[in-house]
Amino acid sequence: MTGILVTVAVGLALIAVWLLAAFKVLQEYERGVTFRFGRLRALRQPGVQMIFPGLDRMVRVDLRIVTLTIPPQDVITKDNVPARVNAVVLFQVTDPVRSVMAVENHAVATSQMAQTTLRSVVGRADLDTLLAHRADLNEDLARSINAQTEPWGVQVKVVEIKDVEIPQAMQRAMAREAEAERERRAKIINAHGELQASEELGQAAEILSRNPASLQLRYLQTLLELGADHNSTVVFPLPMDIIGPFLNKVPQWLDKQGAAGPASGHGDTDQTTEENH
């Protein structure tokens, strides 16, 4: 009789342990994909769930956004420039049942698909696009990866290219190109400045020519600026109407001197000849 009681007690204890082990708690961000004897059951929601050991098997699926870092990938751009590119992918499970039924490990599959797509998309772009238009490449990457992961119940939220490493020789060449571009822009700006300055000076000269008094005032202003700097040099311009008559008389005087020189020399020669006779 005692042996029967012990056996019953042991059996009840085992049943109690089995029932206690059947209680599972799912967090708010988790869903449970349950199989009973290999057959898919209804999706389990957050809270306390009964999962009978030996009869049921439950796979927990996390619905939070997962950050996936893509290791550096060696790629060759469209313009035959070698580069190393790494990126980060943010994805989320939208259908827990498909994430378990359609693929063995959705995280690993998404990682491998992201690496392959990264090499493919970067290989279709040139280096300038890769450096200056990353937003367009990120959108293209997200669309391409989503097209592959959507049947698995996985949605890619964001794809960001983190870093692009290029050879040192290419970096020096890009630095020289940027320097030449800056010099070209500087020369163009300087030329535009000279053109605008010449146009403004032409307009100023036209305005001053209409009123001679304004030119005299400008001259006095210039003298004031020179005196403010304690400069000992004074520039004193002379009007052309004063210097003009003197400049006009100089050629006439030179012509008279040239004409008088040969004439006087010929007279002396004739006088000497007469004396000899």
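Just so you know, these numbers come straight off a predicted model, no measurement behind them.
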side-chain contact (heavy atoms from CB on, under 4.5 Å) for His133 and Leu137? Distances and angles first, verdict last. CA-CA 7 Å; His133 301 86; Leu137 292 178; 5.8 Å; no
Apply side-chain contact (heavy atoms from CB on, under 4.5 Å) to residues Glu160 and Val158 and explain how you reach the verdict. CA-CA 6 Å; Glu160 289 288 341; Val158 178; 3.6 Å; yes
Donor-acceptor pairs under 3.5 Å, side chain of residues 109-116 to any protein atom, not counting sequence neighbours: which ones?
{"from": "Thr110", "atom 1": "OG1", "to": "His106", "atom 2": "O", "distance (Å)": "2.7"}
{"from": "Ser111", "atom 1": "OG", "to": "Gln115", "atom 2": "NE2", "distance (Å)": "3.4"}
{"from": "Thr116", "atom 1": "OG1", "to": "Gln112", "atom 2": "O", "distance (Å)": "3.1"}

Ignoring hydrogens and angles, write down the donor-acceptor pairs under 3.5 Å from the side chains of residues 35-42, residues two or more places apart or on other chains.
{"from": "Arg36", "atom 1": "NE", "to": "Asp56", "atom 2": "OD1", "distance (Å)": "2.5"}
{"from": "Arg36", "atom 1": "NH2", "to": "Asp56", "atom 2": "OD2", "distance (Å)": "2.9"}

Less than 3.5 Å apart, which donor and acceptor atoms pair up between the side chains of residues 123-131 and the rest of the protein, not counting sequence neighbours?
{"from": "Arg124", "atom 1": "NH1", "to": "Ser120", "atom 2": "OG", "distance (Å)": "3.1"}
{"from": "Asp126", "atom 1": "OD1", "to": "Thr129", "atom 2": "N", "distance (Å)": "3.0"}
{"from": "Asp126", "atom 1": "OD1", "to": "Thr129", "atom 2": "OG1", "distance (Å)": "2.5"}

Taking distance alone, no hydrogens or angles, what donor-acceptor pairs closer than 3.5 Å link side-chain atoms of residues 65-73 to residues at least two apart or in another chain?
{"from": "Gln73", "atom 1": "OE1", "to": "Arg119", "atom 2": "NH1", "distance (Å)": "2.3"}
{"from": "Gln73", "atom 1": "NE2", "to": "Pro71", "atom 2": "O", "distance (Å)": "3.0"}

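When all heavy atoms are compared, the tightest approach of Ser144 to Thr117 is CB-CG2, 3.4 Å. Residues Arg134 and Lys162 come closest through the heavy atom pair NH1-O, 3.5 Å. Residues Pro82 and Pro167 share a closest heavy-atom pair of O-CD, 3.2 Å.
Under the 4.5 Å side-chain criterion, counting only non-hydrogen atoms from C-beta, Phe23 is in contact with Met50. In this structure, the side chains of Thr94 and Val154 stay at 4.5 Å or more apart for every pair of heavy atoms. For the pair Ile76 and Val81, the minimum side-chain heavy-atom distance is 4.5 Å or more.
Applying the side chain to side chain donor-acceptor pair (under 3.5 Å) test to Asp136 and every residue at least two apart in sequence or in another chain returns nothing. Here Pro151 pairs with nothing under the side chain to side chain contact (heavy atoms under 4.5 Å, CB included) rule; sequence neighbours left out. Not a single side chain to side chain donor-acceptor pair (under 3.5 Å) links Thr34 to another residue, sequence neighbours left out.
For residues 88-106, the set of pairs meeting the salt bridge (charged side-chain N to carboxylate O under 4.0 Å, His left out) definition, not counting sequence neighbours, comprises Asp95-Arg98. Residue pairs meeting the salt bridge (charged side-chain N to carboxylate O under 4.0 Å, His left out) criterion with at least one member in residues 63-78, sequence neighbours excluded, are Asp62-Arg64, Asp74-Arg84. For residues 177-191, the pairs satisfying salt bridge (charged side-chain N to carboxylate O under 4.0 Å, His left out) are Glu181-Arg184, Glu181-Arg185, with sequence neighbours left out. Every pair passing salt bridge (charged side-chain N to carboxylate O under 4.0 Å, His left out) that includes a residue from residues 11-31 is listed here, sequence neighbours excluded: Glu30-Arg60.
Residues Leu55 and Leu26 are members of separate hydrophobic clusters, defined by side-chain heavy-atom contacts under 4.5 angstrom among Ile, Leu, Val, Met, Phe, Trp and Tyr. By the rule that hydrophobic residues join a cluster once side-chain heavy atoms approach within less than 4.5 Å of another member, Val88 and Val164 end up as members of separate clusters. Hydrophobic clustering places Leu63 together with Val100 (ILVMFWY residues linked when any side-chain heavy atoms are closer than 4.5 Å, directly or through intermediates). Both Val97 and Val61 are part of a single hydrophobic cluster, where members link through side-chain heavy atoms under 4.5 Å apart. Both Val48 and Phe52 are assigned to one and the same hydrophobic cluster, defined by single-linkage of ILVMFWY side chains at heavy-atom distances under 4.5 Å.
Under a 4.5 Å side-chain heavy-atom cut-off, the cluster of Ile, Leu, Val, Met, Phe, Trp and Tyr residues that includes Leu195 has no other member.
If you take NE2 on His192 and CD on Gln196, they are separated by 8.0 Å, rounding to the nearest 0.5 Å. One finds the CG atom of Leu118 at 7.5 Å from the CD1 atom of Ile145 (value rounded to the nearest 0.5 Å). Atom CD of Glu194 is separated from atom CD1 of Ile189 by 13.0 Å, given to the nearest 0.5 angstrom.
Side-chain atoms of Asn146 come within 3.5 Å of backbone atoms of Val156 as a donor-acceptor pair (strictly under, hydrogens ignored). The backbone N or O of Ile161 sits less than 3.5 Å from a side-chain atom of Asn138, completing a donor-acceptor pair.
Environment of CD in Glu150: sparse, with no more than 12 heavy atoms of neighbouring residues, nucleotides or ligands closer than 6.0 Å.
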